[in-house]
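Values reported hereafter were calculated over all heavy atoms of this structure, with side chains retained and with hydrogens, waters and symmetry mates removed.
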Amino acid sequence: GRGRCRGTRRATATVPRAAIMLAPSALLTERVLPLRVEMIGPSIQLLRDREHDPIRILKEWLAAQAFPAGSEPTEEDVLAPLRLREVGVLYATIRLHDRELDRAWLAEIKEARVAPNPVGLAGRLFARLVSGPDIATLSVVGQYAPTSDQLAADVSVTDFPPRMLAGLT
């Protein structure tokens, strides 16, 4: 599939292949219940300038997903939409072009996975980050507990020169 932003003609996201594992017992009752979804080779193009800031847009979206003040999310609230055993992304590319800084970054995601576990959600990410001649590797393995709103993660970054972040605020 392809996705576009308003006012653009170019595709901003493509997913050439996806694999979906369904629950056979649900099919017998004429329901479709995905157990696992894996996107293979998705590509996302992001543009950042005065009008388009993907980080700001993501922050606004995440804030809109928050629970009302004073209400505590239960494990059921967070996991109800995720009856999936696993969501995975293989061999993805994310390209960000910053017009204000006249710089480009590329994230080559070898593997990213999220799956429910007894505590909440567990995930892992393995990627290469590229900016000009610089290439860094990123490895993240973590777990999120929705009832306590705690995130624990092991993050490893290698060959990451500070100039990859130069100009960012």
Side-chain angles (χ1 to χ4, degrees), residues 1 3 12-23 33-46 48 53-98 103-131 134-169:
T12 55
T14 60
V15 180
R17 293 186 321 187
I20 300 173
M21 184 170 87
L22 303 173
L33 179 64
L35 297 176
R36 181 176 170 191
V37 175
E38 193 164 86
M39 292 177 278
I40 304 160
S43 176
I44 299 172
Q45 309 282 333
L46 299 173
R48 180 177 178 264
D53 184 351
I55 303 300
R56 179 185 49 78
I57 292 167
L58 178 61
K59 286 179 182 177
E60 290 172 0
W61 181 82
L62 288 171
Q65 307 309 307
F67 289 87
S71 71
E72 292 296 320
T74 66
E75 187 173 326
E76 185 63 25
D77 291 333
V78 175
L79 297 180
L82 276 183
R83 291 297 170 222
L84 295 169
R85 290 184 188 158
E86 184 176 71
V87 175
V89 177
L90 297 173
Y91 310 111
T93 57
I94 301 173
R95 288 179 173 80
L96 170 65
H97 180 77
D98 189 318
R103 292 195 54 196
W105 291 268
L106 170 67
E108 298 172 337
I109 299 171
K110 181 179 178 185
E111 176 185 29
R113 297 198 180 274
V114 176
N117 69 11
V119 174
L121 295 173
R124 63 184 186 264
L125 168 73
F126 303 102
R128 286 179 3 134
L129 307 174
V130 181
S131 178
D134 299 316
I135 300 173
T137 58
L138 173 67
S139 171
V140 180
V141 177
Q143 175 170 281
Y144 175 66
T147 53
S148 61
D149 195 28
Q150 292 186 346
L151 174 67
D154 290 323
V155 179
S156 172
V157 181
T158 57
D159 301 323
F160 190 87
R163 70 178 166 258
M164 285 183 88
L165 298 176
L168 294 178
T169 56

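Looking at every heavy atom in both residues, A104 comes nearest to H97 through CB-ND1, 4.1 Å. Considering all non-hydrogen atoms of both residues, G120 and P146 come closest at CA-CD, 3.6 Å. For N117 against A122, the heavy-atom pair with the smallest separation is ND2-CB, 3.5 Å.
Residues satisfying the side-chain contact (heavy atoms from CB on, under 4.5 Å) criterion with L151, sequence neighbours excluded, are Y144. Applying the side-chain contact (heavy atoms from CB on, under 4.5 Å) rule to D159 yields no partners; only residues at least two apart in sequence or on another chain are considered. Looking at residues two or more places apart in sequence or on another chain, you find a side-chain contact (heavy atoms from CB on, under 4.5 Å) between A107 and I94, L129. Partners of A115 by side-chain contact (heavy atoms from CB on, under 4.5 Å), not counting sequence neighbours, listed by chain and number: E86. By the salt bridge (charged side-chain N to carboxylate O under 4.0 Å, His left out) test, R163 pairs with D134, sequence neighbours left out. Shown here are the side-chain hydrogen bond (donor to acceptor under 3.5 Å, both in side chains) partners of T158, two or more places apart in sequence or in another chain: T137. With sequence neighbours excluded, the residues satisfying side-chain hydrogen bond (donor to acceptor under 3.5 Å, both in side chains) with E111 are R113, R124.
Rounding to the nearest 0.5 Å gives a distance of 9.5 Å between CG of L138 and CZ of F126. We find the CD1-CG distance between I20 and L35 to be 11.0 Å, quoted to the nearest 0.5 Å. Within the model, atoms CG of L125 and OG of S139 stand 7.5 Å from one another, a figure rounded to the nearest 0.5 Å. Atom CE of residue M39 and atom CG of residue L90 lie 9.5 Å apart, to the nearest 0.5 angstrom. The distance from atom CG of D154 to atom CD of Q143, rounded to the nearest 0.5 Å, is 10.5 Å.
The 12-atom threshold is exceeded at CZ of F160, counting heavy atoms of other residues, nucleotides or ligands nearer than 6.0 Å.
Residue pairs meeting the salt bridge (charged side-chain N to carboxylate O under 4.0 Å, His left out) criterion with at least one partner in residues 136-145, sequence neighbours excluded, do not occur; the list is empty.
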